[in-house]
Amino acid sequence: MNVLSLVCLGAAGSIHLVLGARLLWLSRRTRGAPELLWGLTWFMAAVENTSDALSGAVASPDLALALRWGVSVAFPLVAMVLFLANWRLFRPNDLWARIVCIAVCLVLVGIWIYEVTGPGLDVPFAGTSRSLLNWANNLAMTIGLIWATLEAWRNFRMFEKRWRLGLVKRLLAFRYLLWAGSGSAMVVFWAILWLNQAEVLPVWLFDLSLPLASLISAGLMWVTFFPPVWLCQRLDQEAPAV
Amino acid sequence: MTSANDPFELAGRLLAEKSHLTGPQARGTIRLALKDAGLDPRQVASYELAVVFTRLMPKRLEAQGLTADQAEQVCQVINAVLAANDAVAAPVAAATMFDRLDGARRSSS
């Protein structure tokens with residue numbers, strides 16, 4: 001990867017880290033589970049990605065091994081929290097969403113225990129393509145993000161219709177549009193990772209598209225949760241056409 | 001919210017009483033109007049349903065064979081009952097999250 005790509009990925013990771021930390025900080029005051037879980041998802045994802053990158057760069061083998069262990073614990077947790085966030089945010093009253101969350105958590109924990117206790121791997125995440133946990137995690141993250149993105153699009157359509165009847169503010173509908181845009185970019189990010197794993201993507205395209213998708217997603221997610229004042233004022237002035 | 005003062009159930013029952021529609025037809029017609037308004041029958045509040053009955057239901061009822069006057073009259077009667085019904089809808093989790101976060105941000109700045 002070239003320097004520009006690394007800078008973009010670093011910027012996206014930093015945005016996710018600060019976004020997650022800020023949501024966690026605010027959730028202490030609001031006492032709301034949705035913001036706590038969504039904040040936790042992005043904070044843990046950022047920490048986990050940083051640890052993953054550092055584990056390949058540190059000179060000390062002991063520290064590298066410790067970081068790999070940290071990653072192997074954090075990565076399934078991120079996927080599990082993502083599913084829990086989807087359930088609490090978008091489908092709190094639906095039994096099927098609760099069942100899906102429980103099933104995903106049980107499967108990931110089960111695979112983690114199998115890989116830790118079973119033969120073959122010293123660290124569950126080591127030798128990524130050989131690790132069943134890696135495949136299961138990537139699949140869970142992809143499905144979890146697709147779910148969140150579809151829910152965001154659905155909510156955008158619903159709130160857009162409500163705004164046209166004067167039932168909600170324009171900003172609320174627009175936030176879901178931003179959320180859906182961010183989620184779509186993140187789904188593209190994961191699609192690129194899958195294509196790269198299948199070795200069907202040219203290197204230059206991988207280097208270009210991955211940081212771009214990551215940065216777009218992080219930027220849109222930030223504006224979704226912390227929209228600038230000028231945007232709020234502008235959208236507040238927009239009245240629905242009667 | 002009990003089924004007795006559930007706005008959707010209440011409106012469906014009233015619509016069936018005040019028109020030639022059967023109970024399932026009445027609820028189905030309201031369901032379609034709610035879909036047009038981006039609302040969920042399980043979470044709709046009385047004031048939201050009142051807006052739907054003012055803005056969207058008259059046309060839906062005309063399509064079901066009522067005259068424009070009949071549709072208007074039925075909607076007015078149902079709106080009057082809905083106005084007296086104080087059932088509060090279950091809030092949409094993600095929408096209330098934004099309200100809470102904005103409130104917390106404002107109070108901390």
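Below, all heavy atoms of this structure are taken into account, side chains as well, without hydrogens, waters or symmetry copies. Everything numeric in this text was worked out from a predicted model, so none of it was measured.
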- Query: Where on A:Thr224 is there a heavy atom nearer than 4.5 Å to chain B: the side chain, the backbone, both, or neither?
  - Reply: both
- Task: Flag the pair A:Leu36 / B:Met97 as yes when at least one side-chain heavy-atom distance between them is below 4.5 Å, and no otherwise.
- Result: no
- Message: Using a strict threshold of under 4.0 Å (side-chain N to carboxylate O), is an ion pair present between A:Arg164 and B:Asp36?
- Response: no
- Residues, nucleotides or ligands: over 12 heavy atoms within 6.0 Å of A:Trp194 CH2: yes
- Message: Less than 4.0 angstrom from a charged side-chain N to a carboxylate O is my criterion; do A:Lys169 and B:Asp99 meet it?
- Response: no
- Between A:Thr30 and B:Arg100, which heavy-atom pair has the shortest distance, and what is it? CG2-O, 3.5 Å
- Closest-packed option against chain B by number of heavy-atom pairs under 4.5 Å, given A:Leu26, A:Leu172, A:Val168: A:Leu26
Hey, can you pull the donor-acceptor pairs under 3.5 Å for the side chains in residues 70-81 of chain B, sequence neighbours left out?
from, atom 1, to, atom 2, distance (Å)
B:Gln70, OE1, B:Thr67, N, 2.9
B:Gln70, OE1, B:Thr67, OG1, 3.3
B:Asn79, ND2, B:Thr54, OG1, 2.8

- Message: Around atom CZ of A:Arg234, are there more than 12 heavy atoms from other residues, nucleotides or ligands closer than 6.0 Å?
- Response: no
- Item | Part of A:Leu165 lying under 4.5 Å from any heavy atom of chain B | both
- Test item: A:Leu167 and B:Tyr47 side chains (from C-beta on) under 4.5 Å apart, heavy atoms: yes
- Could you walk me through whether A:Arg29 and B:Leu101 pass the side-chain contact (heavy atoms from CB on, under 4.5 Å) check? CA-CA 9 Å; A:Arg29 303 175 71 173; B:Leu101 289 173; over 6 Å; no
- Message: Under 4.5 Å from any heavy atom of chain B, what part of A:Trp38 do you find: side chain, backbone, both or neither?
- Response: neither
- Query: Are A:Glu35 and B:Phe98 close enough, and set up right, to give a side-chain contact (heavy atoms from CB on, under 4.5 Å), and what steps lead you there?
  - Reply: CA-CA 9 Å; A:Glu35 50 267 44; B:Phe98 286 131; over 6 Å; no
- Closest approach of A:Arg162 to B:Asp40 (non-hydrogen atoms, all atoms of both residues): NH2-N, 4.3 Å
- Residue pairs fulfilling salt bridge (charged side-chain N to carboxylate O under 4.0 Å, His left out) with at least one residue in residues 8-22 of chain A, sequence neighbours excluded: none
- Message: Is it the case that over 12 heavy atoms from other parts of the model lie below 6.0 angstrom from the CZ atom of A:Arg88?
- Response: no
